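Owing to the predicted nature of the structure, the values given are computational and were not obtained by experimental measurement. When a residue number appears, it is its place in the shown sequence, counting from 1.
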Amino acid sequence: MAGHFPFAGKRGTRYGLAPRGTIAAFFENHGFNNELQEKYYRWWYDYAKQFVENDPDLSVTMGVTFSQYPIGTHARHSFHLNDKFWPVAMDELGSLIANVILPKLDADAMHTLEAEHQALLDQLREETKANPREASPDVGLFRHV
């Protein structure tokens, strides 16, 4: 089920698949520019924050995580991210969601979340028509040369 979310794959950086690259490709495939990438991130941020605040265990152990926006190591700068700030931020937030929140969901809650996620994607796809993404360069920005 969780494979429908770009950050919830089974393989991680330990196995050679950088989630930030997968998320960057997801954004590129959907035509999301930086503004739409932030909207996508914000939707997940709000979902995760509300989930954590409403869970008695997580509110105590992880509530402070959401005291800033965006969360994570790269939340204050973009230094070497080559204009891939939101994929990296989504990777960090997605790790929390995939490893902490999704395991707590039952099948019905997961199906509801997937339906809400699909509605978000449909809405953002409509917005891409009026606000298209700049064309990608020939050489990938995460490729090491």
Side-chain angles (χ1 to χ4, degrees), residues 1-55 58 61-63 65-145:
M1 282 188 286
H4 296 292
F5 310 129
F7 53 80
K10 297 288 184 201
R11 296 174 56 206
T13 54
R14 294 172 295 201
Y15 305 109
L17 177 64
R20 68 179 185 244
T22 302
I23 296 167
F26 173 82
F27 287 155
E28 184 177 326
N29 185 45
H30 285 84
F32 297 168
N33 62 16
N34 282 339
E35 178 186 333
L36 297 178
Q37 290 174 32
E38 182 178 6
K39 283 185 178 185
Y40 184 84
Y41 176 90
R42 185 63 192 217
W43 186 86
W44 278 111
Y45 175 90
D46 292 340
Y47 171 81
K49 182 177 180 180
Q50 181 181 15
F51 190 95
V52 167
E53 288 173 348
N54 293 328
D55 185 277
L58 294 179
T61 59
M62 303 194 81
T65 303
F66 294 93
S67 62
Q68 63 184 19
Y69 174 86
I71 67 168
T73 307
H74 297 92
R76 300 292 169 259
H77 49 77
S78 186
F79 66 102
H80 69 282
L81 302 180
N82 296 320
D83 199 32
K84 299 295 185 194
F85 178 81
W86 292 111
V88 173
M90 191 68 237
D91 173 27
E92 295 184 51
L93 176 62
S95 179
L96 181 147
I97 294 168
N99 295 317
V100 177
I101 294 175
L102 295 184
K104 289 180 158 267
L105 299 180
D106 62 14
D108 291 337
M110 182 62 83
H111 289 301
T112 300
L113 178 60
E114 288 175 337
E116 291 170 356
H117 180 252
Q118 187 60 48
L120 170 69
L121 290 178
D122 294 341
Q123 173 196 341
L124 292 177
R125 269 193 219 106
E126 286 300 314
E127 290 185 40
T128 62
K129 293 175 184 173
N131 196 358
R133 172 190 175 98
E134 185 179 319
S136 298
D138 289 337
V139 177
L141 294 175
F142 276 112
R143 186 176 298 152
H144 296 277
V145 291

(Q) Checking Gln118 against Glu114: is there a side-chain donor and acceptor pair closer than 3.5 Å? (A) no
**Q.** Pair Tyr40-Trp44, side-chain donor/acceptor within less than 3.5 Å
**A.** yes
Q.
So that I can tick it off, tell me whether Asp122 and Arg125 are bridged by a salt bridge, with the cut-off set at under 4.0 angstrom between side-chain N and carboxylate O.
A. yes
Q: Would you mind reporting whether Val100 and Val52 have side-chain heavy atoms less than 4.5 Å apart?
A: no
Q: Can you sort out the partners of Glu53 under side-chain hydrogen bond (donor to acceptor under 3.5 Å, both in side chains), two or more places apart, ordered by chain and number?
A: none
Q.
Using the salt bridge (Lys or Arg N to Asp or Glu O under 4.0 Å) criterion, which residues pair with Asp108? Sequence neighbours excluded.
A. none
(Q) Suppose we screen for side-chain hydrogen bond (donor to acceptor under 3.5 Å, both in side chains). Which residues come up paired with Thr128, at least two apart in sequence or across chains? (A) none
Q. Residues in ring pair (Phe, Tyr, Trp, His ring centres under 6.0 Å) with Tyr45, at least two apart?
A. Phe66, Tyr69
Q | Asn99: side-chain hydrogen bond (donor to acceptor under 3.5 Å, both in side chains) partners, not counting sequence neighbours | A | Ser95
Q) Should His117 and Trp43 count as side-chain neighbours, where that means a heavy-atom distance under 4.5 Å? A) yes
Q.
For a 4.5 angstrom cut-off between non-hydrogen side-chain atoms, does Asp46 reach Arg42?
A. yes
Q) With sequence neighbours excluded, what pairs up with Gln50 under the side-chain hydrogen bond (donor to acceptor under 3.5 Å, both in side chains) test? A) none
Q. If we only count heavy atoms from C-beta on, is the Leu102 to Phe5 side-chain gap below 4.5 Å?
A. yes
Q | Within-4.5 Å side-chain heavy-atom neighbours: Leu124 and His30 | A | no
